[in-house]
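Read through the structure below, which is laid out as structure tokens, and then see the notes.
Side chains included, hydrogens not; waters and symmetry mates left out as well; all remaining heavy atoms used.
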Amino acid sequence: MGSKDLKLVDVFSYESLVHAVAGAMGSVTAMTVFFPLDTARLRLQVDDKRKTKSTPAILSEIIKEEGL
């Protein structure tokens, strides 16, 4: 295999942990920000009775109808 063998210590290093946590936090942030916007977009496409309004107005209607 040679001198470029990955050791278990190299895989589970502090740097790998930092990168994994940063990726997880980025994913959580993106889902928190974009999921409500995606829900509003989907409702506008599917629901015929909903008129085009501002995004906050649509989100507040959804929260009133279905809860948070």
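Heavy atoms from other residues, nucleotides or ligands lying under 6.0 Å from CD of E15 number 12 at most.
The distance from atom CD1 of I63 to atom OG1 of T39, rounded to the nearest 0.5 Å, is 10.0 Å.
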Atom pairs and distances, donor-acceptor, side-chain atoms in residues 19-35, under 3.5 Å, two or more places apart:
unit_1 : atom_1 : unit_2 : atom_2 : d
T29    : OG1    : M25    : O      : 2.8
T32    : OG1    : V28    : O      : 2.7

